[in-house]
Engineer: 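Before I ask anything, here is the structure I am working with.
No hydrogens, no waters, no symmetry mates; every other heavy atom, side chains included, goes into these values. Predicted model only: the values in this text are computed from it and were never measured. Just so we're on the same page: letters track the sequence lines, and every chain starts at 1.
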Protein chains: 2
Amino acid sequence: MDTADQPTLADVAERAGVSVATASRALTGARPVSDDLQRKVREASKSLGYRRNTVASSLRLQRTETVGLVLPRYTTTFLSALIESVSDGLEHHDMSLVLRYSEPDAVHDRENIESLIGRRVDGIIICPPSLEVSRESIEAAGAIPVVQVGRFVETDRSDSVGLDEDRATSMLVAHLADRGAGRILVVGLDADATADVRRIRALQATGALRGVSVSAAEFTGAVLDGGIRAAERLVSEYASGDDGWSGPDALVCANDDVASGVLAVLRMRGVAVPGTVQVASLLDLAPGREDHSTTTLRHPWPEMGREAVRLLIDAIGRGSDRVARRVSLAPQLVPGSSTRP
Amino acid sequence: MDTADQPTLADVAERAGVSVATASRALTGARPVSDDLQRKVREASKSLGYRRNTVASSLRLQRTETVGLVLPRYTTTFLSALIESVSDGLEHHDMSLVLRYSEPDAVHDRENIESLIGRRVDGIIICPPSLEVSRESIEAAGAIPVVQVGRFVETDRSDSVGLDEDRATSMLVAHLADRGAGRILVVGLDADATADVRRIRALQATGALRGVSVSAAEFTGAVLDGGIRAAERLVSEYASGDDGWSGPDALVCANDDVASGVLAVLRMRGVAVPGTVQVASLLDLAPGREDHSTTTLRHPWPEMGREAVRLLIDAIGRGSDRVARRVSLAPQLVPGSSTRP
DNA sequence: CTTTTGCTTGCAATCGATTACCAAGGAGTC
DNA sequence: GACTCCTTGGTAATCGATTGCAAGCAAAAG
């Protein structure tokens with residue numbers, strides 16, 4: 001039984017013939033210790049295979065060197081890039097990552113935060129599962145710094161890292177306009193959802209500057225099937241006889257899945273892409289897969305993770321006198337064969 | 001300052017007019033407390049917004065309700081399914097997940113384990129980054145239960161969950177044989193790597209039962225380019241003039257990437273798939289994307305995660321008197337358009 | 001030679017929750 | 001009525017590391 005337990009600092013101290021205080025100081029370097037004892041303690045520590053008990057240390061120091069990361073469960077694919085970069089960033093600061101998935105319901109979301117607070121994490125990075133639900137969860141964190149990533153809930157307590165939406169939309173519109181597009185139709189954005197409305201407005205604003213008209217198709221869902229349905233309607237409405245096309249000359253899809261559906265239908269129905277219609281996507285769902293069949297915007301998840309960690313570490317160090325900061329990062333445009341070269 | 005700190009059990013006890021012992025008992029239910037005091041303590045707790053300090057509790061109980069998950073960094077795509085299912089399983093037991101990525105080098109791997117031990121996690125789930133490196137890391141865990149998942153390092157200390165390789169290979173060979181394949185060529189497996197040799201052997205063994213010959217192509221790498229190179233060689237060797245084909249009538253690729261490369265080349269060179277040659281993959285790299293262009297084996301990552309948690313929780317409860325257990329799960333065959341219907 | 005300064009080292013308190021142990025009071029038994 | 005048994009509450013020790021305070025000792029200053 002005795003051998004199974006991890007050795008404690010007291011064991012090390014006894015073996016080295018010093019007090020626990022000295023042993024602690026020798027190992028942490030909190031205060032100087034004579035070379036002789038320093039060496040003895042180190043040797044004792046090594047020979048016993050001593051490992052500092054982080055739990056006890058955390059209790060005393062009121063600091064756990066742990067950060068909670070709360071992510072929504074859906075769209076897991078591209079969040080793994082975020083997890084990795086956050087993990088890397090934290091490792092760089094000798095901190096650990098406690099991961100938790102959230103559902104878009106208030107109770108579960110709140111429980112996640114409560115549990116992390118109970119663990120006394122030093123900070124929290126959260127991608128709010130829903131724009132309505134998370135505000136009070138975030139505020140419940142109280143003195144614990146919170147950084148939101150990917151999405152925003154308005155709060156004056158927390159920093160946030162997100163996509164530069166304006167830049168994203170303008171990059172895409174410019175890309176299409178440069179390639180001759182004059183009428184853009186948006187597919188897969190919901191004109192009844194706040195965030196989507198903002199995106200549509202941004203697309204229109206940029207379009208106006210370039211003399212491009214931008215309108216939104218009726219919302220049929222931001223998934224593959226939605227793209228298929230939307231494209232079917234387009235074809236039946238605008239394709240006249242053979243090769244005639246009186247519809248928009250560019251389609252901006254909410255994401256790659258929608259774009260895939262759209263592309264499949266257009267090709268099947270003989271509408272030339274990118275000859276007659278160009279297609280692009282606002283969100284790369286599968287970064288890492290070098291596909292290039294669709295021109296798309298790659299969200300800077302790794303950079304967002306790094307930035308979130310930077311903000312959080314900074315906020316932890318700074319204490320409570322802080323102003324909410326907001327960092328926006330530009331996406332990367334990945335040209336594909338669905339727009340002209 | 002005082003309001004910023006979390007309230008402690010002592011605060012609750014004072015407010016309720018009882019001792020901390022009673023407050024603790026009322027909240028944990030460790031021992032019965034009279035209804036009157038029970039109510040008072042609960043009210044005090046709620047009105048103060050008390051949250052048990054898990055750090056202090058862990059120190060006293062010698063149990064952190066935390067599990068470490070160590071994953072290799074590469075091939076992130078399909079590990080996210082594992083992370084999710086492990087997370088779910090643990091949440092079900094009110095345990096937290098500490099995530100850590102490993103590199104295939106011994107020092108880093110060891111540090112990960114040491115750090116988790118320092119945090120006094122109750123158990124560890126690990127996907128060994130390399131078959132050579134991780135053994136002593138795992139053994140360093142000592143009394144802390146370890147479950148390996150996805151890959152195995154021989155140890156008598158740890159349970160493991162993995163793919164039922166024999167079943168996997170036989171499912172695939174049977175699928176091809178049922179569809180008329182008589183000569184199977186394996187692409188993307190390395191005849192110099194132990195694990196791959198075992199797979200090739202298993203394929204051959206199953207083939208023998210069905211009267212199918214199985215041989216392995218020279219190793220050109222288990223990536224897209226490797227598939228391309230392998231297919232180019234095949235075509236130049238076996239395609240005679242137009243439509244003649246004297247090569248194998250089925251290709252088993254190490255994974256979807258290899259298969260994609262193979263398919264691209266075969267189609268470009270006019271070899272009919274699945275008419276002349278059928279193609280299948282041993283490993284679905286992007287589960288969740290419903291592609292169906294390639295017949296593939298989907299590894300049961302969610303189930304593996306669940307099983308790993310089950311084994312670990314069991315091992316934690318059981319203490320040290322345990323025998324290494326090994327659970328093998330069958331993959332799921334997902335038919336695609338690269339083999340005959 | 002004495003006093004002061006400076007550096008090490010040890011003692012004991014501390015972080016917050018849990019629990020072994022003790023004491024008091026009530027119920028039940030002979 | 002005296003005794004035991006059971007329930008409930010409090011006191012204080014405990015988990016393991018860190019650190020304020022003070023003591024001890026040597027070198028430097030007077």
Engineer: Scan residues 8-22 of chain B against DNA chain D and write down, sorted by residue number, each residue with any heavy atom closer than 4.0 Å; if none is found, say none.
Structural biologist: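 Residues of residues 8-22 of chain B that come under 4.0 Å of DNA chain D are, in numerical order, B:V18, B:S19, B:A21, B:T22.
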Engineer: Listed by chain and number, what are the side-chain hydrogen bond (donor to acceptor under 3.5 Å, both in side chains) partners of A:S328, not counting sequence neighbours?
Structural biologist: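 Expected list: none.
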Engineer: Distance check, rounded to the nearest 0.5 Å: A:T64 atom OG1 versus A:D122 atom CG?
Structural biologist: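 Rounded to the nearest 0.5 Å, the OG1-CG separation comes to 3.5 Å.
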Engineer: Just jot down the side-chain hydrogen bond (donor to acceptor under 3.5 Å, both in side chains) partners of A:H108, sequence neighbours excluded, or say none.
Structural biologist: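 Applying side-chain hydrogen bond (donor to acceptor under 3.5 Å, both in side chains) to A:H108 gives B:E91.
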Engineer: With a 3.5 Å cut-off and sequence neighbours excluded, list the donor-acceptor pairs that the side chains of residues 16-23 of chain A form with protein atoms.
Structural biologist:
unit_1	atom_1	unit_2	atom_2	d
A:S19	OG	A:A21	N	3.4
A:S19	OG	A:T22	N	3.2
A:S19	OG	A:T22	OG1	3.2

Engineer: Heavy-atom contacts under 4.0 Å between residues 54-67 of chain B and DNA chain D, which residues?
Structural biologist: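 When residues 54-67 of chain B is checked for heavy atoms under 4.0 Å from DNA chain D, the hits, listed by number, are B:L59, B:R60, B:Q62.
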Engineer: Could you note down all residue pairs passing salt bridge (Lys or Arg N to Asp or Glu O under 4.0 Å) where residues 23-36 of chain B supplies at least one of them, sequence neighbours left out?
Structural biologist: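 The answer is B:D36-B:R39, B:D36-B:K40.
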Engineer: Do A:R100 and B:S96 pair up side chain to side chain, a donor and an acceptor below 3.5 Å, judged on atom types alone?
Structural biologist: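 Note: A:R100 and B:S96 side chains meet the donor-acceptor criterion.
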Engineer: Heavy atoms of chain A, cut-off under 4.0 Å: which first and last nucleotide of DNA chain D, 5' to 3', fall inside that, if you could look?
Structural biologist: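 Extent of the interface on DNA chain D: D:dG16 to D:dC21.
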Engineer: Which atom pairs link the protein and nucleotides 25-28 of chain C when you take only N or O atoms and keep those under 3.5 Å?
Structural biologist:
none

Engineer: Once side-chain hydrogen bond (donor to acceptor under 3.5 Å, both in side chains) is applied, do any residues pair with B:S47, and if so which ones, sequence neighbours excluded?
Structural biologist: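 By the side-chain hydrogen bond (donor to acceptor under 3.5 Å, both in side chains) rule, B:S47 matches B:R15.
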Engineer: Could you tell me if B:D109 and B:S137 have a donor-acceptor pair between their side chains, going purely by distance under 3.5 Å?
Structural biologist: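 Checked: B:S137/B:D109 side chains pair up, N/O donor to acceptor below 3.5 Å.
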Engineer: Is there a donor-acceptor contact under 3.5 Å from the side chain of A:Q148 to the main chain of A:V153?
Structural biologist: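 Pair found, side chain donor or acceptor close to backbone of A:V153.
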Engineer: If you look at every heavy atom in B:L97 and B:V86, which pair is closest and at what distance?
Structural biologist: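 Nearest heavy atoms, B:L97 then B:V86: CD1-CG1, 4.2 Å.
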Engineer: For residues 36-52 of chain B, which residues have at least one heavy atom under 4.0 Å from DNA chain C?
Structural biologist: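 The answer is B:Y50, B:R52.
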Engineer: Output the distance between atom SG (B:C127) and atom CZ (B:R151), rounded to the nearest 0.5 Å.
Structural biologist: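 Going from SG on B:C127 over to CZ on B:R151, the span is 5.5 Å.
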Engineer: Does B:S24 offer a backbone N or O that forms a donor-acceptor pair with the side chain of B:T28 under 3.5 Å?
Structural biologist: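 Yes: the side chain of B:T28 pairs with the backbone of B:S24.
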Engineer: Could you tell me whether A:E307 and A:R310 have a side-chain N and a carboxylate O separated by less than 4.0 Å?
Structural biologist: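 Salt bridge present between A:E307 and A:R310.
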Engineer: Suppose we screen for side-chain hydrogen bond (donor to acceptor under 3.5 Å, both in side chains). Which residues come up paired with A:D159, at least two apart in sequence or across chains?
Structural biologist: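 Once residues adjacent in sequence are excluded, the partners of A:D159 under the side-chain hydrogen bond (donor to acceptor under 3.5 Å, both in side chains) criterion are A:R325.
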Engineer: Can you name the side chain to side chain contact (heavy atoms under 4.5 Å, CB included) partners of A:R60, sequence neighbours left out?
Structural biologist: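 Scan of A:R60 (side chain to side chain contact (heavy atoms under 4.5 Å, CB included), adjacent residues dropped) gives none.
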Engineer: Atom CZ of B:R31 and atom P of C:dT19: how far apart are they, to the nearest Å?
Structural biologist: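 In whole Å, C:dT19 P and B:R31 CZ are 11 Å from each other.
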